[in-house]
Amino acid sequence: MTRVTVVVLSWNGADLLPRCLDAALAQQVDGGAEVWVVDNGSTDRTVELVRSRYPAVRLVQTGANLGFAGGNNVALRLIDTDFVALLNNDAVPEPGWLAALVTVADTHPEVAAVTGKVLLDGPAGSAGVVNSAGGWVDALGHGRDRGFRQPDDGRWDAPAEVFYAPATACLYRTAAVHRVGLLDDDFFLYYEDVDLSWRLRLAGWAVRYTPDAVVRHAHSATAVSGSPLHIRCDARNRLLTVVKCAPIKTAVHASLRLPVTAAGFAVRGEPARAARVLQGWLSFLRLLPRALAARRRIGRSAVVSRAALDRVRVSLGEK
């Protein structure tokens, strides 16, 4: 049986797909790998492109834009390979990327998620700049990229345990993901990776970073950082994540602080941003009952306490 399925989610990304798919199809891994494209209701040439130029790629059509979480979940519910790798359509893996991720997972059976070195995709020959070298989470539940916008100068060349695996380009142990409940469909976009890694950790799994798995990423090519959608979903989903996964004190503090943050933006002359943050908070309140029900389910099956994992989160801070 094929060992790995690489899933590339795309929404109106026909211009981005060729570089991504060419590099994904060139990956070599023991046991073999297959590549899937999940088309999230695109209205451009995505479907035609995949069918005509990439017959070896399995095309899965959702029929609507289900967001990052919902679109990837369509594939995750179908996949039965040992591992699944999620790869952004604006990311281009270098040779050996997939094999390096699988090697870590094979070497560390306690690991459910592996991430590599993601570099910002710049002009040919430009010095490397880090997008992420794994992720950490601060005291209010903000997901942070290790090394973000820092030079790739050797500081990120050591394998390490990290708190979460950014889903730009990462590998999951399929059985573990199914056991904890896939990505959260309610998130639509942003923080799905933080939430999933946190749940995997509560279930007793580990998350690792390897510098040997390198990807170049056109940051914000598909989802624009700072857009109204980004601000709303980022605010809402961070709170949903901490309510589900963090100690109750952290969840309450973060939830009550967000409207204060919105007020601060208004006072500083950023009323549009304040409105988007407040919209995210109101959306969070609408989803709060479901998040609390999920918190109870996660707590019943957890093998690591939220308090103990919070100490791990602190120990795996920015470093």
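Between the side chain of Glu192 and the main chain of Tyr190, a donor-acceptor pair closer than 3.5 Å is present. Side chain of Ser42 to backbone of Asp44: no donor-acceptor contact under 3.5 angstrom is found. Asp310 contributes no side-chain N or O that, together with a main-chain N or O of Pro247, makes up a donor-acceptor pair within less than 3.5 Å. Within the 3.5 Å criterion, the main-chain N or O of Leu140 finds a donor-acceptor partner in the side chain of Arg238. Within the 3.5 Å criterion, the main-chain N or O of Ala133 finds a donor-acceptor partner in the side chain of Arg146. Under a 3.5 Å cut-off, the side chain of His178 and the backbone N or O of Leu76 do form a donor-acceptor pair. With hydrogens and angles ignored, the 3.5 Å screen pairs a side-chain donor or acceptor of Ser197 with a backbone N or O of Ala165. The backbone N or O of Leu25 lies less than 3.5 Å from no partner atom in the side chain of Tyr54, so there is not a single donor-acceptor pair.
If you take CG on Asp212 and CD on Glu94, they are separated by 11.5 Å, rounding to the nearest 0.5 Å. Separation of atoms CG (Leu288) and OG (Ser255) is listed at 7.0 Å; rounding is to 0.5 Å. Taking CG from Leu316 and CH2 from Trp136, the interatomic distance works out to 11.5 Å, rounded to the nearest 0.5 Å. Put simply, CZ on Arg257 and CG on Leu239 are 11.5 Å apart, with the number rounded to the nearest 0.5 Å. Residue Phe188 holds its CZ atom at 10.0 Å from CZ of Arg232, rounded to the nearest 0.5 Å. Between the CZ atom of Arg297 and the CG atom of Leu292 there is a distance of 11.0 Å, given to the nearest 0.5 Å.
Atom CZ of Arg155 sits in a crowded spot, with more than 12 heavy atoms from other residues, nucleotides or ligands closer than 6.0 Å. The environment of Gln28 atom CD is sparse: at most 12 non-hydrogen atoms of other residues, nucleotides or ligands sit within 6.0 angstrom.
In terms of heavy atoms, Arg295 sits closest to Val243 at NH1-O, 2.7 Å. Residues Arg58 and Leu78 come closest through the heavy atom pair NH2-CD1, 4.0 Å. Listed here is the closest heavy atom pair of Leu240 and Ala291: CD2-CB, 3.8 Å. Nearest heavy-atom pair, Asp145 versus Ser132, reported as atom, atom and distance to 0.1 Å: OD1-CB, 3.4 Å. Minimum interatomic distance between Ala85 and Trp97 (heavy atoms only, all atoms of both residues): CB-CH2, 4.0 Å. In terms of heavy atoms, Cys20 sits closest to Pro93 at O-CD, 4.4 Å.
A 4.5 Å side-chain heavy-atom check between Val38 and Thr62 finds at least one atom pair inside the cut-off. By the 4.5 Å heavy-atom criterion applied to side chains, Phe265 and Thr261 are counted as neighbours. The shortest side-chain heavy-atom distance between His142 and Tyr191 falls under the 4.5 Å cut-off. Under the 4.5 Å side-chain criterion, counting only non-hydrogen atoms from C-beta, Tyr172 is in contact with Leu200. At least one side-chain heavy atom of Asp39 sits less than 4.5 Å from a side-chain heavy atom of Leu59. Within the 4.5 Å cutoff, the side chain of Leu182 has no heavy atoms near those of the Leu196 side chain. Contact of the Thr174 side chain with the Asp80 side chain is not registered, since no non-hydrogen atoms from C-beta on lie closer than 4.5 Å. When side chains are defined from C-beta on, Val130 does not count as touching Leu120, because their heavy atoms never get closer than 4.5 Å.
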### Working for salt bridge (charged side-chain N to carboxylate O under 4.0 Å, His left out), residues Arg3 and Asp30
CA-CA 8 Å; Arg3 292 207 74 203; Asp30 289 344; over 6 Å; no
### Query
Where do Arg208 and Glu110 land on the salt bridge (charged side-chain N to carboxylate O under 4.0 Å, His left out) test, with the steps shown first?
CA-CA 10 Å; Arg208 298 221 30 112; Glu110 78 282 3; 5.9 Å; no
### Task
Might you work through the ring pair (Phe, Tyr, Trp, His ring centres under 6.0 Å) test for Trp198 and Phe163, ending with a clear yes or no?
CA-CA 8 Å; Trp198 210 323; Phe163 194 76; 5.3 Å; yes
### Message
For a side-chain contact (heavy atoms from CB on, under 4.5 Å) check, start with the C-alpha distance between Val6 and Leu98, then their side-chain angles and the critical distance, and finish with the verdict.
### Response
CA-CA 9 Å; Val6 179; Leu98 190 59; 3.8 Å; yes
### Task
Determine, stepwise, if the pair Asp157 / Asp152 fulfils side-chain contact (heavy atoms from CB on, under 4.5 Å).
CA-CA 9 Å; Asp157 287 350; Asp152 181 26; 4.0 Å; yes
### Task
Mind running salt bridge (charged side-chain N to carboxylate O under 4.0 Å, His left out) on Arg290 and Asp186 for me, showing each step along the way?
CA-CA 9 Å; Arg290 287 220 287 264; Asp186 283 338; 2.7 Å; yes
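A side-chain donor-acceptor contact under 3.5 Å links Asn131 and His217. Using a 3.5 Å distance cut-off with no hydrogens or angles, the side chains of Asp106 and Thr103 do not pair a donor with an acceptor. Counted by atom type alone, Ser10 and Asn89 present one or more donor-acceptor pairs between their side chains at under 3.5 Å. For Ser283 and Arg236, the side-chain atoms include at least one donor-acceptor pair closer than 3.5 Å. Defined by atom type and a distance below 3.5 Å, a donor-acceptor pair is present between the side-chain atoms of Glu34 and Trp36.
There is no path of hydrophobic side-chain contacts, each under 4.5 Å, that joins Tyr209 to Val314. Under the 4.5 Å side-chain contact rule for hydrophobic residues, Val177 and Val111 do not share a cluster. Under the 4.5 Å side-chain heavy-atom criterion for ILVMFWY residues, a single connected hydrophobic cluster contains both Ile231 and Phe187. Residues Val207 and Val215 are members of separate hydrophobic clusters, defined by side-chain heavy-atom contacts under 4.5 angstrom among Ile, Leu, Val, Met, Phe, Trp and Tyr. Trp11 is not connected to Val50 by any chain of hydrophobic side-chain contacts under 4.5 Å among Ile, Leu, Val, Met, Phe, Trp and Tyr, and they are in different clusters.
Classification of Arg19 and Asp90 as a salt-bridged pair fails, no side-chain N sitting under 4.0 Å from a carboxylate O. Classification of Asp138 and Arg144 as a salt-bridged pair holds, one side-chain N sitting under 4.0 Å from a carboxylate O. Under the 4.0 Å criterion applied to side-chain N and carboxylate O atoms, Arg276 and Glu270 are not assigned as salt-bridge partners. Using a 4.0 Å cut-off between charged nitrogen and carboxylate oxygen, Asp195 and Lys244 count as a salt-bridge pair.
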